[in-house]
Every structure is written in C-alpha cells, then in structure tokens.
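Notes follow the structure.
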There are 2 protein chains.
Amino acid sequence: MAEQSPPETDRSGRDKRLGLLIWYRISRIYNQSLKETGRHLKQWSISPAQFDALAQIGAHGRLSQQQLADKLFVTKGNITQLLSKLEESGLVKREQQWKTKYISLTEAGKELFDGAVPEQEWFQASQFDALDREEKKQLLALLKKIQH
Amino acid sequence: MAEQSPPETDRSGRDKRLGLLIWYRISRIYNQSLKETGRHLKQWSISPAQFDALAQIGAHGRLSQQQLADKLFVTKGNITQLLSKLEESGLVKREQQWKTKYISLTEAGKELFDGAVPEQEWFQASQFDALDREEKKQLLALLKKIQH
DNA sequence: TAACATCAGTTTAATCCTAAACTGATAAAA
DNA sequence: TTTTATCAGTTTAGGATTAAACTGATGTTA
C-alpha cells in the first residue's frame, strides 16, 4: 500500500521549495527594476511613484483622488501626500467640485508626460528583453494565473 | 521588398506593450504578496523585513552585518536600524570582534525561528499554488532568464 | 429640522528604506 | 613612526508607504 501511493510529503516539500524560490526571484527582480527605474527617472527629477501617478492622470484625464488611489493600488492618504508634491512642482492641479477633488495635468505636467512617458515605458519594458516574444507571452500567462 | 520584411516597428511596439504588462503584473503580485505576508506575520509581531533577517541569521548562524546586508540586498545603514529593533526585542545579539560585529540569534530568537520560519515559508510558497509543479518550474526558469 | 450616517480627503505616527556623511579601528606605506 | 587608505558600522535627512484617527460636507431619516 505504502509503496504504491505517491510520496506526498516529499512532493509538497519540493513544491514549497519551488514556490519559495519563485518568491525570492520576484522580490529581487522587482526591487532591482524599481531601483533602475528610479535612476532612469532622475533626468526628469521625478520618482517612480510620481511617474506612475502622472502616467495615470495623463492617460485618464480628470480623476478623483480616490480613483487614482484605486488605480495605483495605494491608500488615499498616500495620494494626498503624493499630490501635494506634484502640485508644488506645478505638474498637476486639483479642482474641488462638491466634495470631490478632480486632478489633471498642468501645461508643464503635459509636457513632462509627453516627453517622459514613452521613453520611460520603453525603458521599463526593455528590462525584459532577455526574453523573446513567445517567452514574454508565457511569462505573462503564468503571472496572470497566480492572481487567479 | 517592404512586403517581405517583418513589420519591425509594429513588432517592437507590441513587445513594449508585453514588457509593460509584465512589469505591472510583477509589481502587483509583489506588493500584494508582501501585504499578505505582513498580515500573516502579525501573529509573531514581526515585520516582513525582520522575518527575512531572522531567517538568514537562523540559517547561516554567525554573520557580520555587512554579510547580512549583502544577503538581503539592502544597505548596511538599513541593517543597523533593523538590528537595533531586533536586539531591543531580544531576538538577536551582536558581538564585536575586532572591527566586525557578529550577529546571532538569542534563545528567544531561536524559538521564534523554529516556530515561525517553517510555517511562514509554507505560507509564502502557497501563494503560488494556482500553478502546478511544471508551471512553477517554467516560471522560475523564465524569471531566472530575466536576470541573465 | 435635528440627529445620524457616509464619504472624500487630510493628518499623524509609525515602518522601511536609501544615499551620503561621519566615526573609529586596522593595516599599509612613506 | 607618522601618515594615509580602507573598511565596518552608525548617523542623519529624507522619501514612500500604511493604518487609523480626524475633518467637513452631503444626504437620510426620524
């Protein structure tokens, strides 16, 4: 009986090891990529978080702060502080309507958006150029599956 | 001539989009996983960063601060602060030898290590259980390739 | 209309992290 | 032996982020 059943504990042990290795890889890739992104963005004097906000606002036009928070998967408290700095730098403006504040890009913000976003996105994407098109598709499919 | 050459600009455009989608996925998976990890670790009143440090120290025994920093891919300044808290909590101790400080777990640290590490690693790994063994291997191989 | 609930945004205190300047000890070279 | 370089760790200032408490306006209901 025992000989015929698959080595369950062993298999789950190996699976645990695999899962852990994946986690550490992802963690390193993410943090490395973030660091390089930060370096690359220095030419426009903005941070990765600021870039993400600008890209969303630029792409969607008028957004409330809560909507922006949802798109970026961060808290509204974070958005308040992020926007304070972007407003100070003259890149975005806030307009209150009823109890909602709508955010949009200023002229300077649009200029930065047009200049920085395409190049930065190209840079971001190029970090995966060790993979060919087929491999990228595979990777994306696997990543999607993780989030069921 | 034109008809026979592959649509280069188009292809690289699609590749850029794929690369970007991968980046956003990885970013979301990482941040989600980190948040859930934090929630799970609350039962031992430690943070993900503290857990990682304890796991390394527990696994490797005596380590200098610089060695620990290298293993965790963070700065030594960060380690100084991380260890201050772990020392305060009585989980690790530092012993100076020559100009190097060697870190090791206290009894309380070892106890926490034995209790928390296996369970936490299991939890961590289980976040990828939507993938079967073969898919995990594939994913890991692709991730490795990214870092060439 | 007065009391209450809801909801957007703000504030506060905390954690994690970095870069850069600093300290102090060892080692090497003049 | 004095000077200089190197190297481990610390400190400091600042950025990004969160959770939780707070503010103030709008809407609902008794």
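This is a predicted model, so every value here is computed, not measured. Each chain gets a letter, A, B and so on, in the order the sequences are listed, and its residues count up from 1.
- Between Thr100(A) and dC7(C) there is no side-chain polar atom (N or O) within less than 4.0 angstrom of OP1 or OP2.
- Salt bridge absent: Asp70(B) and Lys76(B) never bring a charged side-chain N and a carboxylate O closer than 4.0 Å.
- For the pair Leu41(B) CG and dT15(C) C1', the interatomic distance rounds to 14 Å; values are reported in whole Å.
- With rounding to whole Å, Lys101(B) atom NZ is found 16 Å from dT26(C) atom C1'.
- Close to dT17(D), at under 4.0 Å from its OP1 or OP2, lies no side-chain N or O of Lys35(B).
- Atom CG in Leu34(B) sits about 12 Å away from atom P in dA19(D), given to the nearest Å.
- Taking only side-chain nitrogens and oxygens, Gln96(A) never comes nearer than 4.0 Å to OP1 or OP2 of dA25(D).
- Between Leu63(B) atom CG and dA8(D) atom P the separation is 14 Å, expressed in whole Å.
- In this structure, Phe123(B) has its ring center no closer than 6.0 Å to that of Trp23(A).
- Distance Gln32(B) CD to dT17(D) C1': 16 Å, rounded to the nearest Å.
- For the OP1/OP2 pair of dA8(D) and a distance below 4.0 Å, the side-chain nitrogens and oxygens of Gln97(B) include no atom meeting the criterion.
- In this structure, the OH atom of Tyr30(B) is 12 Å from the P atom of dC16(C), given to the nearest Å.
- Of all the residues in residues 67-94 of chain B, Lys76(B), Gly77(B), Thr80(B), Gln81(B), Arg94(B) reach under 4.0 Å from DNA chain D with at least one non-hydrogen atom.
- Arg17(B) and Glu121(A) are not joined by a salt bridge, as no carboxylate oxygen comes within less than 4.0 angstrom of a charged side-chain nitrogen.
- Looking only at atom types and distance, the side chain of Asp52(A) has no donor-acceptor partner in the side chain of Gln56(A) under 3.5 Å away.
- Rounded to an integer number of Å, the gap from CD of Gln66(B) to P of dC7(D) is 11 Å.
- Nucleotide dT23(D) holds its P atom 19 Å from the CD atom of Gln65(A), rounded to whole Å.
- Between Glu95(A) and Lys101(A) no salt bridge is recorded (no basic side-chain N to carboxylate O distance below 4.0 Å).
- Taking 4.0 Å as the cut-off between side-chain N and carboxylate O, Glu87(B) and Lys93(B) do not count as a salt-bridged pair.
- In summary, Glu88(A) and Lys85(A) do not engage in a salt bridge, as defined by a charged side-chain N under 4.0 Å from a carboxylate O.
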